[in-house]
Asker: 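I'd like to ask some things about the structure below.
Atom set for the values below is all heavy atoms of this structure, side chains included, hydrogens, waters and symmetry mates excluded. Naming: A, B, ... by sequence-line order, numbering from 1 per chain.
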Amino acid sequence: MKLINKFTLWYLCIALTCTVFSTVITFYSIKSKMDNAAIDRLLTINQIAAEKIRSGIEWDSSVLGRKVLVQELTNPLPAKKTTISKSESSYPGSQKKEYRIAVSSFTSINNKNYNITSFGYVIQSEHLLSGIEGTIIWKWILILSLIAISARLVSRIILSPFKETLKAIDLFNIRNKEKIQLPHTNTREFKELNCFVKSMTDKAVDEYISLKEFTENASHELQTPVAVMKMKLELLAESAITDEQALIITEVQESLEKLSRINSSLALLTRLENHEYATHEPLRFCKLINETLDFYRELMEMKSISLTKNVATDVNVSLNPMLGQLLLNNLLSNAIRHNTREGKIRVELTHEALIIQNTGAEPNVSTTELFRRFKKGNQSDKSIGIGLAIVKQICEIHHFDIDYTFQKGMHILRVGFKEINANSRLSSTAPQTEPGFPEISAPSLSL
Amino acid sequence: MKVLIIEDSREMASSLRDFLLRENYICEIASDYKEAEEKLFRFQYDCILLDIMLPGGNGLKLLKQIKSEQQQANVLVISAKNGLEDKVTGLEEGADDYITKPFYLPELHARIRAIYRRKNLNGSNLVQFNEISLNTNTLGVTVNGRNMEVTRKEFDLLLYFIVNKDRVLSRQSIAAHLWGDYTDDLANFDFVYQHVKNLRKKIGAARGIDYIGTVYGIGYKFNTSAT
């Protein structure tokens with residue numbers, strides 16, 4: 001429910017309660033005012049009649065056009081000098097019941113006791129009520145229509161800073177490293193909200209920047225010491241050393257190699273995340289794949305892995321060439337490294353997707369987990385577990401979909417992309433490949 | 001060959017010098033921008049190893065000076081940044097090659113020799129060692145004057161061995177030389193063994209001397225003293 005509707009409902013409830021009470025109060029106060037006015041008037045009439053009796057002047061028993069009943073009393077005067085009686089009776093000459101007020105004054109004039117009574121008609125309560133009813137209906141029509149209009153207009157104005165804040169939060173991306181800009185508002189609640197959002201995001205941005213700088217600097221600064229260590233080891237290896245020392249040197253070299261690889265991969269990831277490779281250009285993906293496959297052929301041969309490829313021709317993708325190469329290298333080397341001896345690799349390129357499948361042991365963590373840094377399907381293997389994180393980042397930069405599944409002993413990695421050929425299919429959502437192999441019609445190569 | 005090493009890390013510079021001295025190169029070190037500027041102004045060098053991250057100035061600026069004052073010098077840019085921009089700018093500004101830290105010393109040496117061959121046209125494209133001769137233009141190899149069929153990888157490997165003769169070449173360094181960045185994933189170096197084995201077999205078949213020896217635990221060595 002919209003905030004404005006909630007407020008409106010509450011307001012309407014309050015207004016309704018007030019209307020009920022105020023109607024009752026209005027009704028009774030108007031009625032008593034009118035009755036009192038009529039009674040006052042009748043009392044005055046009675047007094048004038050009494051004056052007339054006292055003066056002894058002959059009169060026609062009517063005062064100011066109103067009939068006055070004068071009755072001589074034999075009894076002594078009652079304690080109460082005035083009695084008022086209200087009744088409903090029909091107006092002379094009319095069938096309609098009217099509200100009638102009669103005022104009797106008991107007075108003694110020239111040692112005689114008199115009961116002087118006059119009466120008048122006032123508006124009946126029902127008539128009064130129906131009058132009030134009309135007002136109420138008009139009042140509510142006015143209230144409801146004004147609320148309906150203002151709920152739309154006023155809420156738009158009052159809530160606009162809030163909506164702008166929401167929009168700013170929505171557009172906020174920590175990776176842009178830009179502080180959030182929030183609209184100015186004089187509403188206290190929105191001010192508090194903006195203040196809170198601003199301090200939170202500013203802090204996050206600062207932390208993010210310092211983290212990025214740390215990663216970047218750390219990896220740059222580490223390269224020189226690593227390089228020095230590697231060189232010193234090489235120089236050491238050339239001196240007269242025992243076999244045992246040679247093995248130690250090699251082991252240290254390997255660890256250094258790994259350190260430097262982790263380092264440069266992290267630096268690369270940071271730069272990918274910073275969108276430093278923004279340049280995309282049309283790339284003949286099919287050509288690149290064929291070249292890369294040729295390159296890896298030797299490695300596959302060594303592991304007796306058989307390759308089946310089905311690469312469509314004329315596949316152009318908007319991609320940074322260096323990243324495209326990196327993507328393929330990571331995917332293919334993964335497919336080889338995590339393969340079994342005499343395993344299989346299937347590479348398929350269509351106009352919508354690249355699918356690389358390979359045999360291999362079942363990963364012992366979920367496949368989506370493997371996109372995270374340093375997550376490995378098998379912790380004991382020698383890789384550093386950052387390749388897929390890089391692949392994912394490259395895909396994110398180019399707005400490709402990436403999907404990793406394990407089915408029937410096969411690791412299936414699918415990269416869905418948008419081809420840039422104007423006259424070709426533009427859909428990026430190619431149908432999911434069937435587990436197991438569909439037949440291949442294109443030229444296939446077995447190694 | 002006279003080499004100037006412009007590098008701010010002293011350990012790094014001294015390692016480079018120690019390595020290159022064994023090739024009988026004359027090496028000098030400049031460890032900051034000013035020193036480099038001065039040395040470039042006063043002396044002539046055949047080869048300049050230039051680290052572009054220098055205290056006191058950007059190494060890319062030095063490139064301009066080198067190009068105006070030391071036309072004959074070969075410039076090899078060394079960078080800790082694996083940045084494409086640096087590489088592209090460096091090469092555009094007239095550097096002859098680019099290498100990223102950390103690298104293998106024999107690799108650096110191979111690069112220096114390659115630039116040297118390319119730039120000094122009076123020197124031929126032939127790399128000769130005893131009975132083995134390599135033509136870096138045609139990628140042809142002759143042993144005892146007879147052609148020996150080699151693959152591209154084998155050619156590169158043999159050249160790498162001869163340029164770095166009498167040096168211990170680790171399997172990683174050979175892999176990095178032959179495969180470049182791809183070695184990232186090559187956890188085992190069986191394929192290095194395979195290539196070396198094939199090369200030795202071919203040289204043996206051509207009645208060449210088996211110069212290539214195994215260094216236990218580390219890799220291989222091209223022994224010039226082998227008979």
Asker: With a 4.5 angstrom heavy-atom cut-off, is it the side chain or the backbone of B:S15 that approaches chain A, or both, or neither?
Answerer: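 Both the backbone and the side chain of B:S15 come within 4.5 Å of chain A.
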
Asker: Is A:I241 close to chain B through its backbone or its side chain, or both, or neither, when contacts mean heavy atoms under 4.5 Å?
Answerer: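 The answer is the side chain of A:I241.
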
Asker: I'd like to verify something: which residue of B:S9, B:G219, B:P102 has the highest number of heavy-atom pairs under 4.5 Å with chain A?
Answerer: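 Among the listed options, the one with the most contacts to chain A is B:P102.
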
Asker: Determine, step by step, whether A:E213 and A:S210 satisfy the side chain to side chain donor-acceptor pair (under 3.5 Å) criterion, reporting the C-alpha distance in whole Å, the side-chain angles of both residues, the deciding distance to 0.1 Å, and the verdict.
Answerer: CA-CA 5 Å; A:E213 277 175 358; A:S210 69; over 6 Å; no

Asker: Measure distances from A:E238 to the heavy atoms of chain B and classify the residue's part below 4.5 Å as side chain, backbone, both or neither.
Answerer: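 Looking at A:E238, backbone and side chain both touch chain B.
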
Asker: For A:Q325 and A:T292, test the side chains for any donor-to-acceptor distance below 3.5 angstrom and give the result as yes or no.
Answerer: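 Looking only at side-chain atoms, A:T292 and A:Q325 do form a donor-acceptor pair, the distance falling under 3.5 Å.
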
Asker: So which part of B:K153 gets closer than 4.5 Å to some heavy atom of chain A, the side chain, the backbone, both or neither?
Answerer: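 Side chain only.
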
Asker: Centroid separation under 6.0 Å, is that true for the rings of B:F161 and B:F129?
Answerer: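 No; B:F161 has its ring centre 6.0 Å or more from that of B:F129.
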
Asker: Is A:K230 positioned over the aromatic face of B:Y104, cation under 6.0 angstrom from the ring centre and no more than 45 degrees off axis?
Answerer: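 Yes, a cation-pi geometry.
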
Asker: Which one, A:E244, A:K232, A:Q245, leads in non-hydrogen pairs under 4.5 Å with chain B?
Answerer: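 Among the listed options, the one with the most contacts to chain B is A:K232.
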
Asker: Report the C-alpha distance between A:I412 and A:D403 in whole Å, list the side-chain angles of each, state the deciding distance to 0.1 Å, and finish with yes or no for side-chain contact (heavy atoms from CB on, under 4.5 Å).
Answerer: CA-CA 8 Å; A:I412 304 164; A:D403 191 38; over 6 Å; no

Asker: Would you mind checking which part of A:A267 comes under 4.5 Å of any heavy atom in chain B, side chain (CB onward), backbone (N, CA, C, O), both or neither?
Answerer: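 Neither the backbone nor the side chain of A:A267 comes within 4.5 Å of chain B.
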
Asker: One thing to verify: whether B:E154 and B:K202 come together as a salt bridge, which I'm taking to mean a side-chain N less than 4.0 angstrom from a carboxylate O.
Answerer: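 Yes.
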
